[in-house]
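Report on one structure; see the data block that follows.
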Amino acid sequence: FPHRPYVKYVSNGADTEHMFYTDGHPQEFSNNSNYHIYYKDGMLYKSDGTPIRSLAEGLKDPAEGTRIFPGNAENIAWTSDIHLDRAGRPFVAYSVRKVPAGTPPQHAGEDHRYHYARWDGEKWIDHEIAYAGSCLYASELDYTGNITLDPGDTDTVYISTNVQPKSGMPLRSRADGKRHYEIFEGTTTDGGASWSWVPITANSSADNLRPIVPSWPGDRVALLWLRGAYRAYTHYDLAVVGIIAKRQRVGVVR
């Protein structure tokens, strides 16, 4: 490919590997969409089971997969996370950078949104679920605080954002009067169409970034993230922090 697709993987632990990927890096491919395929028994397939070709031959173009989100110059997508529900169907989370026509270059990284999508066995059902705030720093317009799925609960996500998830209003900490990225837990009861948000961190004196929930069978859930200063991917001062809690809804992966 002329670009570098960014890929997230998940396995059913037996015979199938799922891939959630983009056309390329969003700075190199300004119409970045995202797609899904899966691998089984030497073959690559679209989400609905339509064969594409053998793994040995590979894809000839990213768009041969099933498109989840159709990107364009005003809506630039990037993958974040993928897991499988109890039926073995994929669900994913990702970010979209909004760049309306005429946006000045200095403001091109100020509005990101988080999305959640699920394969229902016939089609992808996609929802924009939260405001993600601004980019982490100016030279990487598509870097967000990020979103992660809970692999043990299809109805829960965690996000990092420097705005209110529902309104997009800037977050300003009472600790130092500055804007900081905070962690929120989001839950849905209608398959992702609507979400409730509860802050995990608030009024921080440092940024809280890049949440992740490791797979952990049982009645506990671990939420990890980075706290500190992220000035660039080669220049940061971050601590790994987290919480372990009793899972409130054991066995809710559907």
Side-chain angles (χ1 to χ4, degrees), residues 1-11 16-40 43-84 89-103 105 107-119 123-149 157 159 192 210 232-233:
F1 303 140
H3 299 281
R4 300 173 293 159
Y6 275 65
V7 190
K8 298 289 184 178
Y9 302 90
V10 68
S11 170
T16 305
E17 298 281 344
H18 293 259
M19 287 156 269
F20 174 41
Y21 65 94
T22 64
D23 292 287
H25 189 291
Q27 285 195 354
E28 299 172 352
F29 196 90
S30 60
N31 298 329
N32 226 25
S33 298
N34 55 37
Y35 309 87
H36 169 261
I37 59 173
Y38 68 89
Y39 164 81
K40 185 176 183 180
M43 290 290 296
L44 298 174
Y45 296 88
K46 290 177 175 286
S47 301
D48 64 2
T50 302
I52 302 174
R53 65 178 59 83
S54 71
L55 177 65
E57 295 176 282
L59 296 181
K60 297 185 184 301
D61 187 275
E64 289 187 308
T66 300
R67 183 183 279 114
I68 299 172
F69 179 84
N72 55 47
E74 297 185 11
N75 299 273
I76 304 166
W78 212 357
T79 54
S80 293
D81 203 3
I82 179 172
H83 283 290
L84 302 178
R89 297 173 298 198
F91 59 110
V92 303
Y94 63 97
S95 61
V96 174
R97 179 161 60 94
K98 311 290 283 188
V99 194
T103 299
H107 299 303
E110 292 183 355
D111 184 9
H112 297 77
R113 312 289 175 88
Y114 290 131
H115 281 241
Y116 170 94
R118 293 185 65 172
W119 176 253
K123 62 186 180 300
W124 281 96
I125 301 175
D126 176 84
H127 298 285
E128 180 183 303
I129 66 171
Y131 287 89
S134 57
C135 61
L136 296 188
Y137 55 94
S139 62
E140 291 286 355
L141 297 177
D142 299 275
Y143 277 25
T144 65
N146 224 343
I147 177 172
T148 191
L149 302 165
V157 302
I159 65 172
R210 303 296 172 90
Y233 71 93

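Please read these numbers as outputs of a predicted model, since none were measured by experiment.
In this structure, the separation between CG on Asn146 and CZ on Arg210 is 5.0 Å, given to the nearest 0.5 Å. Taken to the nearest 0.5 Å, the NE2 atom of His115 stands 13.5 Å off from the OG1 atom of Thr79.
Scanning both residues, Ser33 and Arg67, for their nearest heavy atoms gives OG-NE, 3.6 Å. What you find for Ile76 and Ser30 is that their closest heavy atoms are CG1-O, 3.3 Å. Minimum interatomic distance between Ser80 and Ser95 (heavy atoms only, all atoms of both residues): OG-N, 4.0 Å. In this structure, Ile52 and Gly65 approach most closely via the heavy-atom pair CD1-CA, 4.4 Å. What you find for Glu17 and Met19 is that their closest heavy atoms are O-CE, 3.8 Å. Nearest heavy atoms, Lys8 versus Ile82: CB-CG2, 3.7 Å.
Contact check for Glu128 versus Val96: no side-chain heavy atoms found under the 4.5 Å cut-off. Between His25 and Glu140 there is a side-chain heavy-atom pair separated by less than 4.5 Å. Using a 4.5 Å heavy-atom cutoff, the side chains of His127 and Arg118 are not in contact. The shortest side-chain heavy-atom distance between Tyr21 and Ile37 falls under the 4.5 Å cut-off. Looking at Ile68 and Phe20, their side chains come closer than 4.5 Å, going by heavy atoms from C-beta outward.
A side-chain donor-acceptor contact under 3.5 Å links Gln27 to the backbone of Ser139. Side chain of Tyr38 to backbone of Ser47: no donor-acceptor contact under 3.5 angstrom is found. For the pair Arg97 (side chain) and Gly109 (backbone), a donor-acceptor distance under 3.5 Å is absent. A donor-acceptor pair under 3.5 Å links the side-chain atoms of His112 to the main chain of Leu141, judged by distance alone. No donor-acceptor pair under 3.5 Å is formed between the side chain of Asn72 and the backbone N or O of Asn31. The closest donor-acceptor contact from the side chain of Arg53 to the backbone of Leu44 lies at 3.5 Å or more, if one exists at all. Remark: side-chain polar atoms of Thr22 are paired, donor with acceptor, to backbone N or O of Tyr6 under 3.5 angstrom. Put simply, the side chain of Asp23 never gets that close to the backbone of Asn32: no donor and acceptor are under 3.5 Å apart.
For the pair Arg4 and Phe29, the cation-pi criterion (under 6.0 Å, within 45° of the ring axis) is not fulfilled.
Among the candidates Trp78, Tyr35, Phe69, the single residue satisfying the ring-ring contact (aromatic ring centres under 6.0 Å, His included) test with Tyr94 is Phe69.
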- request: Give the intermediate values and the outcome of side-chain contact (heavy atoms from CB on, under 4.5 Å) for residues Trp119 and His36.
  value: CA-CA 10 Å; Trp119 176 253; His36 169 261; over 6 Å; no

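Residues satisfying the side-chain hydrogen bond (donor to acceptor under 3.5 Å, both in side chains) test with Lys98, not counting sequence neighbours, are Asn75. Every side chain to side chain contact (heavy atoms under 4.5 Å, CB included) that Thr148 has, sequence neighbours left out, goes to Asp81, Tyr158, Pro211, Ile212, Val213.
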Could you go through residues 129-137 and list every donor-acceptor pair under 3.5 Å that involves a side-chain atom there, pairing it with any protein atom two or more places apart or in another chain?
residue : atom : partner : partner atom : Å
Ser134  : OG   : Asn162  : ND2          : 2.8
Tyr137  : OH   : Tyr233  : N            : 3.1

